[in-house]
Amino acid sequence: MKSADAAIRLLSWYDRHHRDLPWRVSPPMARDGVVADPYHIWLSEVMLQQTTVQAVKPYFQKFLQLWPRVMDLAAADTEEVMKAWAGLGYYARARNLKKCAEAVARDHGGVFPDTEEGLKALPGIGDYTAAAVSAIAFNRQSAVLDGNVERVISRLHAIETPLPAAKLQMRALVAEMTPTGRPGDFAQGMMDLGATICTPKRPACALCPLNDDCLALKTADPETFPRKAAKKEKPLRVGAAFVASGADGAVYLQKRGETGLLGGMTEVPGTPWTSRIDGDNTIAAQPFAAPWEPCGTITHIFTHFELRLSIYRANVATQNKTGNGWWEPLASLEAQALPTVMKKAIAQAIPHAFKSRRGPLDELRNT
DNA sequence: TATGCGTGGAT
DNA sequence: TATCCAAGCAT
């Protein structure tokens, strides 16, 4: 296979089939002289880490509206950033996003570094994001390797080495294939190809611009690539959470620690999450004495464990001021930095806590 | 290198 | 229902 020819076929396909995305400068726009904004590209790439385009779109628009330039984000209140990120997941990204904006403002005069090396030195920017921003925003010949490109490349070359061991080899093959002209479109084209044609299941090989180049299609079953190491099974963890309602309907909330699971986010009080139920833990975890009554359980699936939370609720006549928490009015609950699992817990105890609208919590309320 | 880190949609 | 997995990063 001639890499250069394959790259030309890929770019030609991208010209005809690219998707219009809010952060993307499509080939027709580029023809009209539009250039990519590094801030937009960086923000979208961080949001897109392990996250679908559909989930990112509304968050991207909201962030641009709240903080139009990187200097605005650098000057923002971290708590406001966490609130705006709530629901998108992987909250370390939000903490690093803020740190990165501050570093760009403080160390680079508000201008993003235009090299892979400079970008990778910033918080929350790794191999992939550095290469993507470098190629897409600065037109540099960087080898962009994400999950989509791994799938495309592993099939093109029928790579038998399983991930993640095969990454270095794959990166070299992408570097060899990346053209000097339009490296950003090439990267986006490869990712679009992986997202729409060279899919994990039932790839549409008949429509693929690279089907003549694809070794897996010639000699094996493309769907079986990339090879991957077997994964571990998900353990179950259990715990309890306490939802206290004040006389005016306010809910007692507190802030989690800055690091680790759901770091920097808001929660209702509860026990640690352990492998077995511990009655002593449950008693000790009450934020204050109240007539707690059980009101069912909720289940939430995290990346590496399944959580089953027993929910307790109580109405409190006098709003206790002890502890590190605060009483949040019902009306402003939606705007807090509450991860989805905590919204589920509150909705279990107070079914009308969140406005009824299309969203993940609707299904929960109906069960 | 292996593990911890969210969430929701597709199959 | 169960499983996979989506434009990864930090440690």
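By convention in this document, chain letters (A, B, ...) are assigned in the order of the sequence lines, proteins followed by strands, and residues within each chain are numbered from 1. As a basis for the values below, the full set of heavy atoms in this structure was taken, side chains included, without hydrogen atoms, waters or symmetry mates.
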Original post:
When the nearest nucleotide of DNA chain B is assigned to A/L338 and to A/A165 on a heavy-atom basis, which residue is associated with the more 5' position?
Top reply: A/A165

Original post:
Can you list the steps and then say if A/D127 with A/K167 is a salt bridge (charged side-chain N to carboxylate O under 4.0 Å, His left out)?
Top reply: CA-CA 11 Å; A/D127 287 338; A/K167 268 198 169 184; over 6 Å; no

Original post:
Please give, in whole Å, the distance from B/dC5 P to A/E258 CD?
Top reply: 15 Å

Original post:
Out of B/dG6, B/dT3, C/dA7, which nucleotide sits closest to the side chain of A/K232?
Top reply: B/dT3

**OP:** Round to a whole Å and report the spacing from OH of A/Y91 to C1' of C/dG8.
**Re:** 17 Å

Original post:
Reckon A/L262 touches a base, only the sugar-phosphate, or nothing at all at heavy-atom distances under 4.0 Å?
Top reply: sugar-phosphate

**OP:** Report the residue (A/R237 or A/R202) whose heavy-atom-nearest nucleotide on DNA chain B is the more 5′ of the two.
**Re:** A/R237

**OP:** Would you mind reading off the distance between A/W85 atom CH2 and B/dT7 atom C1', rounded to a whole angstrom?
**Re:** 12 Å

**OP:** Would you indicate what A/G263 reaches in the nucleic acid, counting non-hydrogen atoms under 4.0 angstrom: base, sugar-phosphate, or nothing?
**Re:** nothing

**OP:** Kindly say if A/Q50 contacts the phosphate of C/dG8, meaning a side-chain N or O under 4.0 Å from OP1 or OP2.
**Re:** yes

Original post:
B/dT7 phosphate, OP1 or OP2: any side-chain N/O from A/H300 under 4.0 angstrom?
Top reply: yes

Subject >> Side chain A/T51 and base B/dG6 donor-acceptor under 3.5 Å >> reply: yes

Original post:
Do A/Y128 and A/Q49 have side-chain N/O donor and acceptor atoms under 3.5 Å apart?
Top reply: no

Original post:
NZ of A/K201 versus P of C/dT3: gap in Å, rounded?
Top reply: 13 Å

**OP:** Please tell me which of A/Q188 and A/L122 maps to the more 5' nucleotide of DNA chain C, matching each residue to the nucleotide holding its nearest heavy atom.
**Re:** A/Q188

Original post:
Rounded to the nearest Å, what distance is computed from the CH2 atom of residue A/W42 to the P atom of nucleotide C/dC9?
Top reply: 13 Å

**OP:** For A/T266 and A/Q336, test the side chains for any donor-to-acceptor distance below 3.5 angstrom and give the result as yes or no.
**Re:** no

**OP:** With the side chain of A/L48 defined as its heavy atoms from C-beta on, choose the nearest nucleotide among C/dA7, C/dC5, C/dG8.
**Re:** C/dA7

Original post:
Between the side chains of A/R19 and A/T196, is a donor N or O closer than 3.5 angstrom to an acceptor N or O?
Top reply: no

Original post:
In terms of side-chain heavy atoms of A/Y128, which of C/dC5, B/dG9, C/dC9 is nearest?
Top reply: C/dC9

Original post:
So what does A/V341 touch, heavy atoms closer than 4.0 Å: a base, only the sugar-phosphate, or nothing?
Top reply: sugar-phosphate

**OP:** Could you tell me the separation between the CD1 atom of A/I301 and the P atom of C/dT1, rounded to a whole number of Å?
**Re:** 12 Å

**OP:** Could you tell me whether A/S44 contacts a base, only the sugar-phosphate backbone, or nothing, with contacts defined as non-hydrogen atoms closer than 4.0 Å?
**Re:** nothing

Original post:
Under 4.0 Å between a side-chain N or O of A/T52 and OP1 or OP2 of B/dG8?
Top reply: no

**OP:** For the side chain of A/V53, starting at C-beta, report the closest nucleotide among B/dC5, C/dA7, C/dG8.
**Re:** C/dA7

Original post:
Taking only N and O in the side chain of A/R151, is any of them less than 4.0 Å away from OP1 or OP2 of C/dA6?
Top reply: yes

**OP:** Could you state the atom-to-atom distance from CG of A/L97 to C1' of C/dC9 in whole Å?
**Re:** 13 Å

Original post:
Expressed in whole Å, how much space separates the C1' atoms belonging to B/dG6 and C/dA6?
Top reply: 12 Å

**OP:** Establish, with yes or no, whether the OP1 or OP2 oxygen of B/dC5 is under 4.0 angstrom from a side-chain nitrogen or oxygen of A/H304.
**Re:** yes

Original post:
What is the ring orientation for A/H300 with A/F302, classed by angle as parallel under 30°, tilted 30 to 60°, or perpendicular over 60°?
Top reply: perpendicular

Original post:
Base, sugar-phosphate, or nothing for A/I125, non-hydrogen atoms under 4.0 angstrom?
Top reply: sugar-phosphate

**OP:** Start with the C-alpha gap between A/E293 and A/R313, add the side-chain angles, then the distance that decides, and say whether salt bridge (charged side-chain N to carboxylate O under 4.0 Å, His left out) holds.
**Re:** CA-CA 5 Å; A/E293 60 179 40; A/R313 70 180 164 206; 3.1 Å; yes

Subject >> Candidates C/dC9, B/dG6, C/dA7 - which lies nearest the side chain of A/T129 >> reply: C/dC9

Original post:
Base, sugar-phosphate, or nothing for A/L21, non-hydrogen atoms under 4.0 angstrom?
Top reply: base

Subject >> Nearest-Å distance once atom C1' is located in both C/dA7 and B/dA2 >> reply: 23 Å

Subject >> Whole-Å distance separating the CZ atom of A/R93 from the P atom of C/dA7 >> reply: 13 Å

Original post:
Is A/K83 salt-bridged to A/E80, cutoff N-O under 4.0 Å?
Top reply: yes

Original post:
Between C/dA6, C/dA7, C/dC4, which nucleotide gets closest to the side-chain atoms of A/D192?
Top reply: C/dA7

**OP:** Would you kindly check whether a donor in the side chain of A/T303 faces an acceptor in the base of B/dG6, or vice versa, at under 3.5 angstrom?
**Re:** yes

Subject >> Of the listed nucleotides B/dT7, C/dA7, C/dG8, the one nearest the side chain of A/T340 >> reply: B/dT7

